[in-house]
Amino acid sequence: MIAPTSIQRKGHSTLAVSWNDGVDSEYDVRQLRLNCPCAACVNEWTGEKMLDSGKVPEDIRPIRLFSVGRYAMGIEWSDGHTTGIFAYDYLRRLSGKPSVTESLTG
Ligand SMILES: [Zn+2]
């Protein structure tokens with residue numbers, strides 16, 4: 001199963017993730033915030049984005065990172081949003097670098 005071996009803040013706006021298959025990804029933290037998959041940001045039924053990107057501050061920062069079980073990471077944001085849970089496979093897909101198993105199965 002795909003999982004990070006390390007997650008580090010790099011500068012003010014970048015999150016660097018090293019994965020257990022040897023791939024390193026870097027994320028712009030605001031892009032992560034905009035892609036928050038929680039029910040407050042994305043309509044659970046339609047998949048429609050509820051989040052108004054204009055309301056996410058340009059200088060949004062993760063305040064706290066926490067692991068959720070073995071499959072996901074939660075982020076507390078400087079705009080007060082705390083319900084965002086990023087499953088590792090979702091996080092990996094956001095990086096644009098599919099994991100080996102995903103690329104094999106298409
Ligand atoms: Zn959210």
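Note: hydrogens, waters and symmetry copies are ignored here, and every other heavy atom, side chains too, is used. We number each residue from 1, following the sequence as shown. Counting starts at 1 for both ligands and their atoms, following the listed order.
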Report task. Verify side-chain contact (heavy atoms from CB on, under 4.5 Å) between Tyr90 and Asn35, making sure each step is shown before the conclusion. Result -> CA-CA 10 Å; Tyr90 176 70; Asn35 284 290; 3.6 Å; yes
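Taking CH2 of Trp19 as the start and CD1 of Ile2 as the end, the distance is 6.0 Å to the nearest 0.5 Å.
Considering only residues two or more places apart in sequence or on other chains, Asn43 meets the side chain to side chain contact (heavy atoms under 4.5 Å, CB included) condition with Trp45, Thr46, Glu48, Met50.
The minimum heavy-atom distance linking Ile60 with Val29 is given by the pair O-CG2, 3.5 Å.
Legend: salt bridge (Lys or Arg N to Asp or Glu O under 4.0 Å) pairs involving residues 60-87, not counting sequence neighbours, sorted by first then second residue: Arg33-Asp79, Arg64-Glu76.
The Zn ion (ligand 1) has Cys36 SG, Cys38 SG, Cys41 SG, His81 NE2 as protein N, O or S atoms under 2.8 Å away.
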Report all side-chain donor-acceptor pairs from residues 5-12 shorter than 3.5 Å, counting only partners two or more places apart or in another chain.
unit_1 : atom_1 : unit_2 : atom_2 : d
Thr5   : OG1    : Ser18  : O      : 3.2
Arg9   : NH1    : Pro62  : O      : 2.8
Lys10  : NZ     : Glu26  : OE2    : 2.3

